[in-house]
Amino acid sequence: DKLNIVILAAGKGMRMNSAKAKVLHSLAGKPLLQYVINTAKHLNPQKIIVVYGYGGEAVPKAFAHEEIIWVEQSKQLGTGHAVQQVMPHLDSDATTLILLGDVPLVSADTCKNLLEKTQQLGLLTVKKANPSGYGRILRDSAGKVSAIVEHKDATAQQRGINEVNTGIIVASNAYLIAWLERLTNNNAQGEYYLTDIVAMAVQDGLTV
């Protein structure tokens, strides 16, 4: 199966208190993003596409030795907007794995597991004792995923859910491209959330 890997690496990283792009910060002698690129390479994708933004050309320059398609997100308008920027590079007959440039320790085995289990749309979720700030996974009475609600948009009851979205997602491009075209920014942050594709998949009668 054809695999496209998209790594989201455009964020500033406000909590780093640094002018340097978050993904260029070093962990055990390597930039955070290098770990994610290495994991991506283990999965033998047809292409690796990295979305960069904050820090400008310093990010692609730091990885000039890698075979990567670089796509700039000049305005940070959300994760959905970031993935919309890569649409011209996605193969219509491939599956896309979305990874995060600031999540260096996700393993290739975890990614393989998610890829093997996904037909149309798959999410990597985690249960957290303190889920504050994370998008919550909403499930129906049968236990199937029905949507993801971002923390700022969640009701008090939804905030009690401890299963959260990691941001690592697999989608069949046949569906993903159509979902990206339908995204809107009608939410508390005025951003285009990639997570809105989950409710779209359910609306389309697919199992997440």
Side-chain angles (χ1 to χ4, degrees), residues 1-11 36-37 39-52 68-71 73 76-103 106-126 134-140 143-150 153 163-187 191-208:
D1 286 354
K2 253 189 178 176
L3 178 62
N4 297 162
I5 295 181
V6 174
I7 303 174
L8 303 183
V36 188
I37 291 168
T39 297
K41 290 196 295 195
H42 278 302
L43 300 167
N44 300 318
Q46 263 65 38
K47 54 182 77 164
I48 298 172
I49 307 160
V50 178
V51 182
Y52 71 102
I68 282 169
I69 297 167
W70 293 96
V71 175
Q73 183 190 22
Q76 273 82 68
L77 301 175
T79 49
H81 178 257
V83 183
Q84 282 174 337
Q85 307 312 298
V86 309
M87 280 166 64
H89 299 284
L90 297 178
D91 297 314
S92 57
D93 56 345
T95 292
T96 292
L97 167 65
I98 295 164
L99 297 174
L100 307 177
D102 62 351
V103 180
V106 66
S107 71
D109 284 344
T110 296
C111 296
K112 277 180 196 161
N113 199 4
L114 182 61
L115 284 160
E116 281 163 13
K117 288 182 175 175
T118 300
Q119 286 179 310
Q120 291 106 9
L121 181 62
L123 310 172
L124 186 66
T125 73
V126 66
Y134 286 83
R136 307 305 202 276
I137 305 295
L138 306 186
R139 292 180 179 270
D140 63 18
K144 288 184 177 167
V145 174
S146 58
I148 296 178
V149 62
E150 294 302 324
D153 299 290
E163 185 185 10
V164 301
N165 175 40
T166 61
I168 294 170
I169 292 175
V170 169
S172 161
N173 287 359
Y175 296 99
L176 178 63
I177 291 162
W179 292 331
L180 290 170
E181 287 170 347
R182 285 162 55 190
L183 287 179
T184 66
N185 63 347
N186 183 19
N187 52 60
E191 289 187 353
Y192 294 88
Y193 295 151
L194 182 62
T195 47
D196 286 351
I197 70 173
V198 175
M200 289 179 194
V202 173
Q203 257 172 7
D204 292 345
L206 306 176
T207 300
V208 181

Under the side chain to side chain contact (heavy atoms under 4.5 Å, CB included) test, which residues partner Ala108, sequence neighbours left out?
-> Thr39, His42, Leu43
The side-chain hydrogen bond (donor to acceptor under 3.5 Å, both in side chains) partner of Tyr193 among Thr79, Asp153, Asn185 is Asp153
Could you point out which residue of Thr95, Thr96, Asp93 forms a side-chain hydrogen bond (donor to acceptor under 3.5 Å, both in side chains) with Asn173?
->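 The residue from Thr95, Thr96, Asp93 that satisfies side-chain hydrogen bond (donor to acceptor under 3.5 Å, both in side chains) with Asn173 turns out to be Thr96.
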What closest approach, in Å, do [X] and [Y] show between heavy atoms, and which atom pair accounts for it?
X      : Y      : answer
Ala199 : Ala147 : CB-CB, 4.3 Å
Gln84  : Pro88  : O-CD, 4.3 Å
Ala82  : Leu8   : CB-CD2, 4.0 Å
Asn4   : Gln46  : ND2-CB, 4.3 Å
Leu114 : Gly122 : CD1-C, 4.0 Å
Ala9   : Val50  : CB-CG1, 3.9 Å

Would a distance-only check, ignoring hydrogens and angles, find a side-chain to backbone donor-acceptor pair under 3.5 Å from [X] to [Y]?
X      : Y      : answer
Asp196 : Met200 : no
Gln73  : Gly78  : yes
Lys2   : Asp91  : no
Thr125 : Glu163 : no

[Y] and [X], any side-chain heavy atoms less than 4.5 Å apart:
X      : Y      : value
Ile168 : Leu97  : yes
Val208 : Val202 : yes
Leu121 : Trp179 : yes
Cys111 : Ile5   : no
Asn187 : Glu150 : no
Ile49  : Leu90  : yes

Distance in Å, [X] [atom1] paired with [Y] [atom2], rounded so as to fall on 0.5 Å steps:
X      : Y      : atom1 : atom2 : result
Ile169 : Leu176 : CD1   : CG    : 9.0 Å
Lys112 : Asn44  : NZ    : CG    : 8.0 Å
Ile48  : Trp70  : CD1   : CH2   : 10.0 Å
Leu183 : Glu191 : CG    : CD    : 12.0 Å
Leu99  : Thr166 : CG    : OG1   : 9.5 Å
Leu124 : Ile98  : CG    : CD1   : 12.5 Å

Enclosure of Gln76 CD (heavy-atom neighbours >12, cutoff 6.0 Å) = yes
When you look at CG of Asp140, are more than 12 heavy atoms from neighbouring residues, nucleotides or ligands closer to it than 6.0 Å?
->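 Enclosed.
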Take Val36 and Val103, measure what side-chain contact (heavy atoms from CB on, under 4.5 Å) needs, and give me the verdict at the end.
-> CA-CA 7 Å; Val36 188; Val103 180; 5.6 Å; no
By salt bridge (Lys or Arg N to Asp or Glu O under 4.0 Å) - contacts of Lys144 (at least two apart) |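 For Lys144, no residue satisfies salt bridge (Lys or Arg N to Asp or Glu O under 4.0 Å) once neighbours in sequence are set aside.
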Check the pair Val145 / Thr207 against side-chain contact (heavy atoms from CB on, under 4.5 Å), numbers first and verdict last.
-> CA-CA 8 Å; Val145 174; Thr207 300; over 6 Å; no
